[in-house]
Structures are given as C-alpha cells and as structure tokens.
**Student:** 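Please find one structure pasted underneath; my questions will follow.
Numbered from 1 within each chain, the chains take letters A, B, ... in sequence-line order. Just so it is clear, the model here is predicted, and its values are computed rather than measured.
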Number of protein chains: 2
Amino acid sequence: MALKHTILAFLSRQPLSGYEVAKEFTEGFGGCFWKASQQQVYAELAKLERQGCVVYEAIPQAGRLDKKIYSITPSGHQSLIDWLTQPTEPTAIREDLGVMGLAGHLVPNQVVYGEIERRQNLHRDMAQHLKTMDSHFAKHVDALELKDLYMHLIIRRAIRYQEDWVAWCDEALEAIERVVNR
Amino acid sequence: MALKHTILAFLSRQPLSGYEVAKEFTEGFGGCFWKASQQQVYAELAKLERQGCVVYEAIPQAGRLDKKIYSITPSGHQSLIDWLTQPTEPTAIREDLGVMGLAGHLVPNQVVYGEIERRQNLHRDMAQHLKTMDSHFAKHVDALELKDLYMHLIIRRAIRYQEDWVAWCDEALEAIERVVNR
DNA sequence: ACTGTCATGTAACTTGTTACATGATTAG
DNA sequence: CTAATCATGTAACAAGTTACATGACAGT
C-alpha cells in the first residue's frame, strides 16, 4: 500500500508536520492519486516513526500538544527508493455507479439518467480544478526539469481520468436517450 | 460500500452459490467495476443472510460441506432499490504509480520510463479483454433493451478507463523522451 | 458570538488482504 | 500423477472510516 510511501515522498521534498501532510492529500498534489484522512496520516506517521523511517522534532505549543515536524531518515529514504523500483499494480476498480449496469433496470430510467448527469457535473468540476492546479506546469512543458515533469504528468493523469468520465457520461446519456425515445 | 449491493444485484438476476458469485468478480461483468476475494464474498453472503436480505437452499454434497444456493428476498430487493436511488460518490483515487510524480526523480529515469511502458502493455491487454466481453452487446447497440444497454455502458466505462491509461502512457513516454534527449 | 484554521490525537468499527484448512471430481 | 475446477469456510492482520475530544488564535 502506498500511503506509507506517499508520505515518505512528501517528506523527501521537505519536513512537514502531520497537519501539513494531511493537507497535501486534501488540497495539494497528493490528492491527485491518493486519499487519506487526517487520522490515518497521524497514525501512519506514528508507525513510520516506530519503524525508524522518519524522525520528528517536537516544537512546544502554548497550551496544547507539541507540534511535530517530521523528516525522512536515510532508512526511510532507502525504503522509498526500494519501493519505487518495484513494479506497480493497477489499482482495483471499485465504482458504485457500476451497480447500475447490473440492476439499473430495477429503477425508473430517469433515476439512472439523472445520476449520470449529476456525476458528469461533478467530474467536470474536478477536471477544471485540476487544470488550474496544473496551469503553472502546463505553460512551459518543454522547459520543465524531470522532477516537475513527473509532477505534471501525474496531474495530467488525474485530469484525463476526470475528462474521460465526462466523455463517457455524454456517450451514456445519448445512448439512453436513443433507447428511451425509440 | 457497494459489495453488499453488487452481490444483491447479481442475485436479483438469478440465484447463485457463493462460489459462483465470487466467480462473477474474477471472470464475469462484476470485475468491470468491483473487486472482491472469494473469502470476502462468503463472509458477505453470511452477513446478508443474517440481515434477511438473502436466503439459501442447502444442497447436500457427497463428502463435503453443503452447497448453498442463495436467492434475494423481498427485503434484499428493497434494500437494493433504495441504494440505487441514492446518489453515488466518485471513487477515491488510490494509484501507486502516482508516487512517481512526487519522487520519481530519486530513481534513474529509465526505471520510470520502463514502468510506464510495462503498465501500458497491461492496460492494453485489459482493454482488449474487455472489448471481447463487450463484443456481443457492441454489435447491435441500437437494438438493445435498457437492461442490456446498462450492462454495455458499464463495460464501455471500463474499456474507456483502460484505453485512457494507454493513451496517457503514450503522452508520458513521449514527454519523458523529449526531456531526456534535450 | 461564530466560523475557520491550526494542531494534536483516541476508540470503535467496517472493509479488505493473506494465509491456512479440507476434500471430491474431472481433464490432460 | 498432476493440475484445475468445484465448494466450503476460519483466523489473523492491515487499511480505511466515523465519531469523539481538546483547545488556542484570527478574522467577520
């Protein structure tokens, strides 16, 4: 599982607090390819610390728990590189909307149609948001250094994914219309 | 979570044994949008039975545990319809290859390039396999009844997903080549 | 006064994975 | 004789979700 290695990858760029790591998943580039809750991040960082992959510097806070700034250790760095050298497995698809394909005929076709329309709007918005995130890289793709190119490519992957959903929704809505008006 | 409702959807089409339900996920249409292990299926069916969503008829087998043929109950049918009427949430993306975007520069670019090539071949094969599954529907799309159209559309979703991966890999490989040969 | 951001966590629960266990029948 | 298919499960573990708890400080 990549939560461990995604966090190590963040920390390989710069030391971060748990709060900041969690934010990477919800607001930053991490969200393009992985999802994790704040609780999961805190738990994983504690585990990583026990494993010796990260260390933290505790910064006393007025009237509350210490802030912990985590950095990657040589051992964590090695674990990340080892992992990057292994082949990846395509993610298993788990998509709720797929059940419509098996049992959609049990509900009125307007329900299916409406749901696809709703999803199309969601994916359109997500594509737009990702494009904004990418615009900085997209402007001068041919001048990027490898590090930034990789980042750009991953955001591109996410953009394509959302746009592909939008296009499929078009295809599906059209096909349903044709059958219903037949 | 859709495991419960995917199984109910299978059983709404016809009664099946646990073994057959599990096979739907690995060989049948179910695998287009959901993944579940045999153990998960057996556990979920037992749970569904306790909840009164399914019942089974035990068929004695020579020298081994009874075979259980599960059917959906009216209560299970209602639960499925209720669920189909609710809005779906887009699946959270969790993709190992994404870590390359954050930390790919820590390994030689040949590693990243090779991995993308490997993935491209995988996704190409999966697209081909799905197209074979779909060919029966694809032949006469305009003559399908709604039930089959929905099925076709879901397989189409899976095909598009795999093909989009293949296209992205092309895009990524080209971009990396351009930067490396610069 | 209230909302949002910063900042840490614990606990209970659900979901999914990996390893193990059993054993008949059929096809090569 | 060996492997695949049929057919059921248990047990331990890892990963992810949901709900709860605490509390300062900044802006409207």
**Student:** Please figure out whether A:K35 or B:K68 has its closest DNA chain D nucleotide nearer the 5' end.
**Tutor:**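 Of the two residues, B:K68 wins.
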**Student:** On DNA chain C, does the nearest nucleotide to A:G18 precede the nearest nucleotide to B:S37 from the 5' side, or the other way round? Give the residue.
**Tutor:** A:G18
**Student:** Using the side-chain contact (heavy atoms from CB on, under 4.5 Å) definition, which of the options A:H123, A:M126, A:R119 pairs with A:V166?
**Tutor:** A:H123
**Student:** Pairs under 3.5 angstrom, nitrogen or oxygen only, protein versus nucleotides 19-21 of chain D, please.
**Tutor:**
{"from": "D:dA19", "atom 1": "N6", "to": "A:Q39", "atom 2": "NE2", "distance (Å)": "3.0"}

**Student:** Can you identify which nucleotide, out of D:dG9, C:dT15, D:dT17, has its nearest atom closest to the A:Q40 side chain?
**Tutor:** D:dT17
**Student:** For a 4.5 angstrom cut-off between non-hydrogen side-chain atoms, does A:H152 reach A:V141?
**Tutor:**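 Yes; the side chains approach each other to less than 4.5 Å.
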**Student:** On the ring face of B:W165, is A:R160 found with NZ or CZ under 6.0 Å from the centre and within 45° of the axis?
**Tutor:** no
**Student:** Is there a side-chain polar atom (N or O) of A:Y42 under 4.0 Å from OP1 or OP2 of C:dT8?
**Tutor:**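 Checking C:dT8 against A:Y42, a side-chain N or O does come within under 4.0 Å of OP1 or OP2.
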**Student:** If you measure from CZ on B:F33 to CZ on B:F25, what distance do you get to the nearest 0.5 Å?
**Tutor:** 7.0 Å
**Student:** Please determine whether a side-chain nitrogen or oxygen atom of B:R94 lies at a distance below 4.0 Å from atom OP1 or OP2 of D:dG16.
**Tutor:**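 Yes, because at least one side-chain N or O of B:R94 sits under 4.0 Å from OP1 or OP2 of D:dG16.
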**Student:** Closest nucleotide of DNA chain D for B:K67 versus for B:A43: which of these residues is on the 5' side?
**Tutor:**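 Result of the comparison: B:K67.
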**Student:** Looking at C:dA7, D:dA7, C:dG16, which one has an atom nearest to any side-chain atom of A:Y19?
**Tutor:**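 Per side-chain heavy atoms of A:Y19, the pick is C:dA7.
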**Student:** Just checking A:K23: base, sugar-phosphate only, or nothing, at a heavy-atom cut-off of under 4.0 Å?
**Tutor:** sugar-phosphate
**Student:** Can you name the nearest heavy-atom pair linking B:G18 to B:L45, along with the distance?
**Tutor:**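 Closest pair (atom of B:G18, atom of B:L45, distance): CA-CD1, 3.5 Å.
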**Student:** How sharply is the helix from C:dA1-D:dT28 to C:dG28-D:dC1 bent, taking the axes over five pairs at either end and rounding to 10 degrees?
**Tutor:** 40°
**Student:** So, does B:K47 get its side chain near the phosphate of C:dT14, meaning an N or O under 4.0 Å from OP1 or OP2?
**Tutor:**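 It does not, given that no N or O in the side chain of B:K47 lies less than 4.0 Å from OP1 or OP2 of C:dT14.
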**Student:** Side chains of A:L173 and A:E117: does their closest heavy-atom pair fall under 4.5 Å?
**Tutor:**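 SC-SC contact between A:L173 and A:E117 confirmed.
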**Student:** Does a side-chain N or O from A:K4 land closer than 4.0 Å to OP1 or OP2 of D:dA14, or not?
**Tutor:** no
